[in-house]
Amino acid sequence: MSHSSDADENVGADSDTDGAPDRGAVVYQLADACTVDTLEQGEYYHATVNGVVEYGVFVDVSADVSGLVHDSELQGDYDVGDELVVELIEVREDGDLAFAERDPEDYTTESVAAGADVTVGELPDHVGEVVTLEGVVVQIKQTGGPTLFHVADGEAVVPAAAFESAGVRAYPNVEVDQVVRVTGEVEHRQEALQLEVDDLSRLRGAAADEVREDYEERLTAAAEPPEVEPLVEWEAFEPIHEELREVARHLRRAALVNRPIRMRHHADGDGMCASVPLQTALERFIDDSHEDTQASRHLLRRLPSKAPFYEMEDVTRDLNFALEDRERHGQKLPLLCMLDNGSTEEDIPAYRAMAQYDVPIVVVDHHHPDPDAVEPLLDAHVNPYLHDEDYRITTGMMCVELARLVDPDITDEVRHIPAVAGLADRSKAEAMDDYLDLAAEAGYEEADLRDVGEALDYAAHWLRYNDGNGFVNDLLDVGTDADRHEDLVAFMSSRAERDVERQLDDALPHVEHERLDNDAHLCRLDVDEHAHRFIYPAPGKTTGKVHDRKVEETGDPVITIGYGPDFAVLRSDGVRLDIPEMVTELTEEFPGAGVSGGGHLVVGSIKFVPGKRAEVLDALVERMADAELDEELRSTLVRDD
Ligand code: MN
């Protein structure tokens, strides 16, 4: 309980000269939520008559605390609602309070606020009661009715509804990020709990500092991820796991302070294996830490990115959403979480757009990174290349561990996901066997997992810019209780296969073949002329499928180029290409050709202006003929179909 002196008020006679003992007395004005513990025998209180009986009057000194002023202790006649000053003269054994009327001639009134008597987590035990809560305002949403102040205590968040009049902002001086003390009744609203505000006051000075310090301490502890061992023992993964803890910390903290999380992931199998488990874990973490049952719907959004980098189109949409949500729902600007995407120089323009606003960015990716370029713009960056590892540690493998650091209870539901991710991205990680074993424990054969990967790719193609929530969960068998997983995957993967066959039937006869100086096979396909457009698979994947066929057919090193009017998709097997370096060289060699692109040793894409296509492709092929063969870069295509 704290006695504040900021509401001092002098009342009563001012010409007392006889040195009466009442001079300078303090009369306490108790806040509604003050309990009997606030009172001390011998102290004075402002009281209101709540009942008149034969032997005296009953008075309230707070919403919770009342007692009797016996006739013998009364100086006047009172009716219900009258106010008087009383002294607490006795606390009887049965807890009843006995007061005596006092009439101090000169006194000071001190307001007594009820200190926090509950934390957000304790609210379910106090439904129907008036409680006091201290914390930080993390969101203020004006509805058509009350104003909703979302108050956080570091461990959880509760909405507190204050009603001024319909659609009018209550407590207009209170702003987001201020420390407040809220008194109100805990009530059920639909499934959720909220506080019906009696009083909401901003704390200042030392009182505010104390609450904020507690809050920060609790927040730091609650944001700390649990100690979870990675699913498989894998030395290469250990430094990465340590860094994933930092990302988990950022995500958990964002959830606890009502900062929305915007997830952007590469729209492919690995990207979905990365984002869907994390999304599910975060939804549960948010729901566990928020009394508002709609919180995860408002605070978390997952969206695919078609390009293998964060495009201006995506970032402008994301910013537009974020600013709208801030305007309409009083939301903070989001934390951006990039998955299977986001490590490269191509992401910089979008990041710089974000940097105009207060938007923290965390990245988990396994594409060849440009750390010097991106890291100044990031709050956390996890990428296996930063630990002398590479692409074989897929984002799905990393993010299943990240999801478990957000909500360890998700473990049993996601054991099969790293294997799906590894197969989808053709990982040759030594841990693949362990991941396949884990998936087998969960009832998945390798062929099933490949089908899931195919089905995901197929779904990603048709979902385009949509998240496919629910549908993708059913495909992955994560965070869904539906029983349709098997049938759905069988259906989608067989459609995918059929569509690939149709595309290849028409494309393969047009593949131009030659033998390069380094003895590698070069296969070229004009995907614009000889592949169907707007169906599955799109040009990039069509090139990949053609490539796989040629690798199988020849058993030798193969490079495949699938080109359109202004782009080329590159795939290599057994030839060391270093695509980023080729792009740099071609950019210099052909000014005005608009060469850009990226990738790594065996996969990549290049863009150029249509008028320079022939020259750029010729130069590209020259370099490929000079490239080194490398047995290490041979894929092991063991398809059972
Ligand atoms: Mn990937």
Side-chain angles (χ1 to χ4, degrees), residues 234 236-237 240 243-244 247 263-279 302-311 314 337-344 346-347 362-370 374 381-387 389-403 414 416-429 431-432 435 449-450 452-461 463 467-468 472 475-476 478 537-538 540-541 543-545 547-548 569-572 579-580 597-605 633 635:
W234 184 10
F237 196 78
I240 291 169
E243 293 193 348
L244 289 171
V247 177
M263 214 182 254
R264 277 277 179 190
H265 64 89
H266 191 203
D268 70 353
D270 184 42
M272 293 203 264
C273 287
S275 58
V276 172
L278 182 58
Q279 177 190 22
R302 171 181 69 79
L303 280 175
S305 279
K306 277 285 171 193
F309 61 92
Y310 197 25
E311 289 182 288
D314 291 338
C337 176
M338 302 287 295
L339 303 175
D340 197 25
N341 223 341
S343 276
T344 67
E346 289 170 287
D347 297 288
V362 298
V363 175
V364 182
D365 192 7
H366 70 147
H367 293 89
H368 200 281
D370 303 305
V374 292
H381 183 205
V382 182
N383 191 307
Y385 284 93
L386 303 174
H387 300 278
E389 265 301 326
D390 61 27
Y391 200 76
R392 67 200 187 123
I393 298 187
T394 73
T395 317
M397 294 173 188
M398 293 189 278
C399 286
V400 160
E401 297 301 345
L402 180 56
V414 296
H416 59 297
I417 301 294
V420 177
L423 292 172
D425 265 6
R426 297 154 183 258
S427 167
K428 284 188 264 166
M432 270 311 284
Y435 281 137
L449 301 167
R450 287 189 190 278
V452 173
E454 289 295 323
L456 285 175
D457 260 336
Y458 193 57
H461 177 86
L463 281 167
D467 55 25
V472 176
L475 285 173
L476 267 176
V478 171
K541 202 173 178 70
T543 306
K545 294 288 180 187
H547 178 75
D548 290 349
V569 181
L570 313 176
R571 292 288 305 273
S572 159
I579 293 161
H600 47 101
L601 295 177
V602 293
V603 183
S605 65
L633 298 173
S635 66

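Read the numbers this way: they start at 1 and go in the same order the structure lists the ligands and their atoms. Note: hydrogens, waters and symmetry copies are ignored here, and every other heavy atom, side chains too, is used. We're numbering straight along the sequence, starting at 1. Computed from a predicted model, the values in this text were never measured in an experiment.
A search for ring-ring contact (aromatic ring centres under 6.0 Å, His included) contacts involving Phe309 returns nothing, not counting sequence neighbours.
Among Val400, Leu475, Val472, the single residue meeting the side-chain contact (heavy atoms from CB on, under 4.5 Å) criterion with Val276 is Val472.
The N, O or S atom of Asp340 lying closest to the Mn ion (ligand 1) is OD1. Distances from the Mn ion (ligand 1) to each N, O or S atom of Asp425 single out OD2 as the nearest.
Distance alone, capped at 3.5 Å, places no donor-acceptor pair between the Arg571 side chain and the Thr543 backbone.
Between NE2 of His366 and OD2 of Asp270, the angle at the Mn ion (ligand 1) works out to 90°, rounded to 10 degrees.
A heavy-atom distance below 4.5 Å is found between the side chains of Val602 and Ser572.
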